[in-house]
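Beneath this line is the structure, given in structure tokens, with notes to follow.
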2 protein chains.
Amino acid sequence: MNDRKKHVIMMAHQLFIEKGFQATSIQDILDYSGISKGTFYNYFSSKNELLIALLKELYFEMEQAQNKLLVGQDASDLEIFIKQVEVQTELNRKNKLISLLEEVNFSNDKEIIHFIRIGQLKILKWLHSRFLDIFGKEKEPYILDCAIMFTGILHINFKYYSAAHEKNINISKVVRYSVSRIVSIMEDVAKSKEQLFEPQLLGHWLPKNHQQKKVFQRDIDKTITALKSGIKDTDLEDKYLEFLDFIQDELLHAKKPRRHLVENVFNEMKKDLSPTNKKEIFALEVLISTYFQRS
Amino acid sequence: MNDRKKHVIMMAHQLFIEKGFQATSIQDILDYSGISKGTFYNYFSSKNELLIALLKELYFEMEQAQNKLLVGQDASDLEIFIKQVEVQTELNRKNKLISLLEEVNFSNDKEIIHFIRIGQLKILKWLHSRFLDIFGKEKEPYILDCAIMFTGILHINFKYYSAAHEKNINISKVVRYSVSRIVSIMEDVAKSKEQLFEPQLLGHWLPKNHQQKKVFQRDIDKTITALKSGIKDTDLEDKYLEFLDFIQDELLHAKKPRRHLVENVFNEMKKDLSPTNKKEIFALEVLISTYFQRS
DNA sequence: AAAAAAATTATACTACTGGTATAAAAATCA
DNA sequence: TGATTTTTATACCAGTAGTATAATTTTTTT
């Protein structure tokens with residue numbers, strides 16, 4: 001993305017934090033970021049689209065920071081989860097993301113509302129998978145309930161805690177307290193077997209492509225990484241690394257992946273690697289074919 | 001209030017429910033309720049003031065319905081509490097009050113924001129007193145925490161439950177589930193002695209006059225009722241009933257209670273009643289004097 | 001360095017908003 | 001009936017989001 005465009009988004013974000021979204025006029029953004037109206041409408045077709053660009057960046061930043069903490073760690077460790085939530089909460093606070101989302105949810109713009117909805121569901125889905133890590137498969141019927149209630153408890157605690165302590169906010173305290181509560185609630189509902197939401201609701205809410213894309217991304221990543229590390233032949237290493245990178249990039253990042261090119265490259269590679277990495281090659285083949293079948 | 005004015009508020013409420021507050025222009029309200037702009041601004045100085053008038057009515061309706069359920073009942077009965085919350089939730093749903101409040105909280109209108117804040121704190125205060133009834137004095141250090149979390153849990157459960165079940169919303173199920181959770185949380189925090197909010201925060205948040213007014217209202221009511229029923233002298237009954245009603249009305253409903261008038265009437269009465277209702281007369285005297293000291 | 005292309009600016013414009021002002025008409029009251 | 005209040009219709013103001021366009025500046029290509 002253009003540097004100037006990014007700068008405009010940053011300046012607008014600053015204004016949204018200070019005055020709120022509604023109260024910030026486009027003229028304010030123009031003055032504050034020193035661009036003309038024409039340029040603004042060259043970058044964004046509306047104030048709402050600027051907002052979406054901002055939200056995408058904030059979400060991305062959040063996911064990044066959050067996932068960084070988990071790599072190579074024990075997923076069932078509650079402390080890791082607490083750290084992740086702390087990071088999330090701190091970023092929310094810094095970016096005033098929650099009040100921005102709440103405000104903007106009433107903008108009557110379908111795209112924005114959908115975007116926020118998907119964002120919240122993704123958080124729910126993340127919590128669901130993390131709770132599954134932490135509490136184990138046997139608690140599954142109650143995990144969606146607890147994920148939902150956790151967002152509510154954390155949100156309300158943070159809201160009133162902020163109101164009570166103005167600037168000296170001990171995020172860790174609020175997060176730990178809220179996590180303690182949900183741990184206890186999980187025990188409680190598992191024992192009394194009370195259930196409010198059917199577990200399959202989450203899958204029903206989240207459009208398939210969102211889920212599928214994520215799963216696909218992880219699968220292709222795993223398979224290609226395995227294949228890369230399996231190449232012993234140093235003579236051909238450069239060639240096949242290039243091939244694998246090409247396939248990965250084409251499938252994950254290209255707007256219209258070139259089917260025949262990908263399949264051709266794959267078949268070239270299959271000839272040589274098939275005997276040594278049978279399992280992974282097969283997995284990759286399945287991934288590629290199902291990918292093109294879908295689209 | 002004028003019937004026509006009430007009608008305008010109703011029509012506006014209808015529009016707010018359908019389109020939201022921001023999205024409803026004053027012109028919409030004029031067209032929908034069939035009045036002219038001049039009349040509108042004769043009734044309300046702005047759209048925001050119309051909103052405040054609406055919110056006042058809705059809050060009043062809610063308090064009424066809620067308190068009706070408690071009279072003559074056992075305050076520690078959890079079932080009564082559940083009924084009260086159900087009524088509250090049903091009215092919220094019917095009036096779309098929650099989303100209206102959330103939307104309007106970003107209106108940058110100080111008065112509205114303050115009004116909503118006070119409203120929420122009053123709900124919290126109500127929950128606090130009800131939890132005190134139900135869970136007992138010994139749980140007091142944790143009652144504010146639980147009141148806060150209860151609002152969060154109920155809110156989030158209702159939100160996702162509505163999303164999942166569209167129109168077939170079983171309010172009772174959501175309320176009962178949420179109440180079960182808070183009962184368990186209360187046990188949990190009382191046992192682990194974890195506390196997030198200091199109990200005195202609520203008193204600190206709610207401006208004194210709000211609390212004091214309520215307390216004062218109840219005290220004066222109690223004292224005067226006791227005095228009324230204590231009058232045995234049928235000859236003087238009419239006279240003293242008139243006196244007591246006057247004092248009560250003057251202190252509770254007059255904009256500027258006439259101090260000397262009230263004190264004079266009270267002293268007239270004191271002469272005759274002092275021996276028979278010593279205690280109550282004294283209590284009333286204290287109430288009157290502290291009342292005028294304050295203002 | 002020159003030419004072409006793209007980005008940016010300033011400005012004027014439309015249609016709408018909330019809110020003000022006012023004179024005429026209608027309803028209410030004494 | 002006559003006076004007073006309420007209501008209406010209308011024109012008006014300043015501010016909003018967004019469009020259109022011609023002129024200018026910057027970047028890219030040759």
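In what follows, every chain begins at residue 1, and chains take the letters A, B, ... in the order their sequences are listed. Side chains included, hydrogens not; waters and symmetry mates left out as well; all remaining heavy atoms used. Predicted, not measured: the structure shown is a model, and the values here were computed from it.
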How close or far is atom [atom2] of [N] from atom [atom1] of [X], stated in whole angstroms?
X: A/Q22; N: C/dG18; atom1: CD; atom2: P; result: 13 Å
X: A/K5; N: C/dA7; atom1: NZ; atom2: P; result: 12 Å
X: B/K37; N: D/dC13; atom1: NZ; atom2: C1'; result: 11 Å
X: A/H7; N: C/dT8; atom1: NE2; atom2: C1'; result: 16 Å
X: B/N42; N: D/dT5; atom1: CG; atom2: P; result: 12 Å
X: A/F40; N: C/dA10; atom1: CZ; atom2: P; result: 16 Å
X: A/L50; N: D/dG18; atom1: CG; atom2: P; result: 11 Å
X: A/Q27; N: C/dA10; atom1: CD; atom2: P; result: 11 Å

Within the structure provided, determine whether A/F158 and A/I169 are in side-chain contact (heavy-atom separation under 4.5 Å). yes

[X], nearest nucleotide to its side chain (from [options]):
X: A/I26; options: D/dG18, C/dT20, D/dT8; result: D/dG18
X: B/T39; options: D/dA17, C/dT8, D/dT7; result: D/dT7
X: B/I35; options: C/dT20, D/dA17, D/dT8; result: D/dT8

So A/S25, base contact, sugar-phosphate only, or nothing? Heavy-atom distance under 4.0 Å.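 Sugar-phosphate: the residue A/S25, judged by heavy atoms under 4.0 Å, touches backbone atoms but no base.
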
Remember a base hit wins even if backbone is also touched, and classify B/Y43 as base, sugar-phosphate or nothing at under 4.0 Å, heavy atoms.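 Sugar-phosphate, no base atom in range.
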
Less than 4.0 Å between a side-chain N and a carboxylate O, is that true for A/K159 and A/E102? no

Would you say a side-chain N or O of A/R4 is under 4.0 Å from OP1 or OP2 of C/dT9?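 Answer is yes, contact under 4.0 Å.
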
Can a donor-acceptor pair under 3.5 Å be found between the side-chain atoms of B/K47 and the base atoms of C/dG19? no

With DNA chain C as reference, determine whether A/S36 or B/N48 sits nearer its 5' end, using the nearest nucleotide of each.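 Nearer the 5' end of the strand: A/S36.
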
Side-chain H-bond candidate by donor/acceptor type, B/Q27 with B/D31, under 3.5 Å: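 Distance-only check passes for B/Q27 and B/D31.
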
Is it true that A/Q84 and A/Q88 share a donor-acceptor pair across their side chains at a distance under 3.5 Å? no

Kindly indicate, with the supporting measurements, whether the criterion ring-ring contact (aromatic ring centres under 6.0 Å, His included) is fulfilled by A/F115 and A/Y59. CA-CA 11 Å; A/F115 188 79; A/Y59 274 136; 5.7 Å; yes

